[in-house]
Amino acid sequence: MTSAEQPPPIIEIDHVDKQYRSRRAEAVHALKDVSLSIRDGEFVSIVGPSGCGKSTLLKIVNGLEHHTGGVLRFHTDSEDPRQAMGMVFQQPLLLPWRTILDNVLLPRDLRGRAGRGADVERAKTLLRTLRLGDFMDRHPKELSGGMQQRVGIARALMHDPPILLMDEPFGALDAMTRDQMSLELLQIWERDRKTVLFVTHSISEAVLLSDRVVVMSSRPGRIVSVVDVGLPRPRRLSDINTEQFGAYVKEIRTTLDSQHELATT
Ligand code: ADP
């Protein structure tokens with residue numbers, strides 16, 4: 001695809017800066033001069049050392065935090081761009097007294113939306129797609145960690161947001177469940193082509209899923225490299241064993257390691 005044929009950007013992060021200030025503690029410079037354009041339908045992952053501002057960046061995009069410098073631009077049909085986003089956290093934060101179905105319906109219930117019947121049908125369809133059809137009437141404690149995380153994904157997809165922000169969504173899962181969840185996310189993405197901004201600690205997860213991997217420096221977080229992942233799609237777990245895959249992982253790891261060395265010398 002030539003640059004003239006590239007889909008337009010849906011999110012533009014333009015020289016964004018973030019300082020956390022508090023009266024009692026010293027200011028924390030979390031993000032420094034971060035610029036990134038994310039195209040419609042693109043899957044972009046962010047990797048970087050712990051504390052480099054990855055979650056902060058996602059929260060700024062989502063409006064949960066304010067940036068202290070720079071500009072954010074959204075190009076969506078929605079009047080309120082934040083309505084065009086679904087957010088998935090590391091912990092799905094389910095209400096223990098609500099059934100799985102009612103947890104997925106929680107955001108619409110909180111908004112007091114009319115027409116619950118149609119939303120119930122949509123929630124059931126989503127839960128079936130995420131292989132939770134037999135668990136709709138159960139409560140969170142009856143589900144495994146992976147299943148609970150799938151409930152969190154169903155909840156984020158409920159209002160069919162064109163943009164999905166995911167903050168280490170599989171970080172608390174064991175390795176096998178994590179691989180399974182990555183595959184399911186790939187299938188959803190390949191079917192719906194949502195724009196995904198995905199934070200992870202796992203370089204191979206980032207390479208497997210993404211069109212581009214953004215590598216950040218330690219705090220204050222800056223973008224030090226953006227790697228285009230040219231692996232063909234649809235992708236499979238077995239791609240991990242290919243030489244090309246290994247080369248991408250190595251490139252990203254080398255960039256991360258050089259940042260670590262810079263920070264410790
Ligand atoms: P990451 O997701 O890469 O681990 P975070 O975005 O969570 O990093 O944090 C970046 C830096 O900002 C860290 O040093 C963290 O301690 C600090 N930080 C995060 N949230 C706050 C906050 N609400 N107030 C003050 N400092 C914060």
Side-chain angles (χ1 to χ4, degrees), residues 11-38 42-72 74 82 85-93 145 149 152-153 156 163-173 175 178 181-182 185 195-210 212-227 229 249 251-265:
I11 305 171
E12 283 183 272
I13 302 166
D14 193 356
H15 299 285
V16 160
D17 217 79
K18 172 67 180 175
Q19 302 242 16
Y20 286 105
R21 295 195 187 95
S22 98
R23 266 186 221 139
R24 268 161 283 153
E26 246 180 68
V28 175
H29 198 176
L31 293 172
K32 189 176 174 189
D33 199 20
V34 171
S35 292
L36 180 67
S37 259
I38 298 155
E42 198 178 18
F43 198 120
V44 175
S45 288
I46 305 173
V47 298
S50 199
C52 75
K54 303 181 292 296
S55 297
T56 299
L57 186 58
L58 238 58
K59 284 183 197 154
I60 288 173
V61 172
N62 195 16
L64 294 170
E65 284 288 352
H66 295 291
H67 46 299
T68 44
V71 184
L72 276 173
F74 299 99
R82 264 83 194 212
M85 297 178 202
M87 181 101 187
V88 181
F89 300 93
Q90 184 169 355
Q91 302 291 342
L93 309 171
Q149 196 52 285
I153 294 173
I163 302 168
L164 206 50
L165 307 176
M166 307 184 88
D167 192 355
E168 290 201 56
F170 312 144
L173 305 176
R178 198 175 175 135
M181 297 286 293
S182 297
L185 180 59
T195 306
V196 182
L197 192 53
F198 185 91
V199 166
T200 178
H201 264 113
S202 163
I203 299 176
S204 50
E205 189 173 81
V207 172
L208 181 67
L209 295 172
S210 310
R212 287 188 296 159
V213 179
V214 174
V215 185
M216 291 184 62
S217 70
S218 40
R219 210 183 69 208
R222 289 170 298 108
I223 294 178
V224 286
S225 163
V226 180
V227 176
V229 181
V249 170
E251 179 183 347
I252 294 165
R253 190 177 300 287
T254 306
T255 309
L256 278 171
D257 286 351
S258 66
Q259 288 306 306
H260 181 70
E261 280 154 23
L262 277 177
T264 51
T265 50

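Atoms within a ligand are numbered from 1 in the order they appear, just like the ligands themselves. The model shown is predicted, which means the values in this text are computed figures rather than measured ones.
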**Prompt:** How far apart are the closest heavy atoms of Ser37 and Glu42, and which atoms are they?
**Reply:** O-OE1, 4.2 Å
**Asked** Any idea which atoms of ligand 1 are less than 4.0 Å away from a heavy-atom of Gly51?
**Response** 1 (P), 3 (O), 4 (O), 8 (O), 10 (C), 11 (C), 13 (C), 14 (O)
**Request:** Decide yes or no for Leu209 and Thr200: does some side-chain heavy atom of the first lie under 4.5 Å from some side-chain heavy atom of the second?
**Result:** no
**Prompt:** Is there any N or O on Val28 that sits under 3.5 Å from an N or O of ligand 1?
**Reply:** no
**Request:** Enter the distance from Ile163:CD1 to Met87:CE here, rounded to the nearest 0.5 Å.
**Result:** 12.5 Å
**Item:** Distance-minimising heavy-atom pair for Gln90 and Ala172
**Value:** NE2-N, 3.8 Å
**Prompt:** Within a strict 4.5 Å, meaning less than it, do heavy atoms of the Ile13 and His67 side chains meet?
**Reply:** no
**Asked** What atoms of ligand 1 come within less than 4.0 Å of a heavy atom belonging to Thr56?
**Response** 5 (P), 6 (O), 9 (O), 10 (C)
**Request:** Can you confirm whether something in the protein, heavy atoms only, sits under 4.0 Å from atom 7 (O) of ligand 1?
**Result:** yes
**Message:** Starting from atom 18 (N) of ligand 1, what is the nearest protein heavy atom, named by residue and atom, and what distance separates them?
**Reply:** Tyr20 CE1, 3.4 Å
**Prompt:** At a 4.0 Å threshold, what atoms of ligand 1 neighbour a non-hydrogen atom of Cys52?
**Reply:** 1 (P), 3 (O), 8 (O)
**Prompt:** Under 4.0 Å from atom 10 (C) of ligand 1, is there any protein heavy atom?
**Reply:** yes
**Nearest-0.5 Å distance, CG of residue Leu165 to OG of residue Ser55** = 11.5 Å
**Request:** Please verify whether a non-hydrogen atom of Gly48 lies at under 4.0 Å from ligand 1.
**Result:** no
**Request:** Tell me which part of Arg219 gets within contact of ligand 1: side chain, backbone, both or neither, using heavy atoms under 4.0 Å.
**Result:** side chain
**Asked** Considering distance alone, does some N or O of Ala30 sit under 3.5 Å from an N or O of ligand 1?
**Response** no
**Request:** Identify the heavy atoms of Val88 and Gln149 that sit nearest to each other, and give their distance.
**Result:** CG1-OE1, 3.8 Å
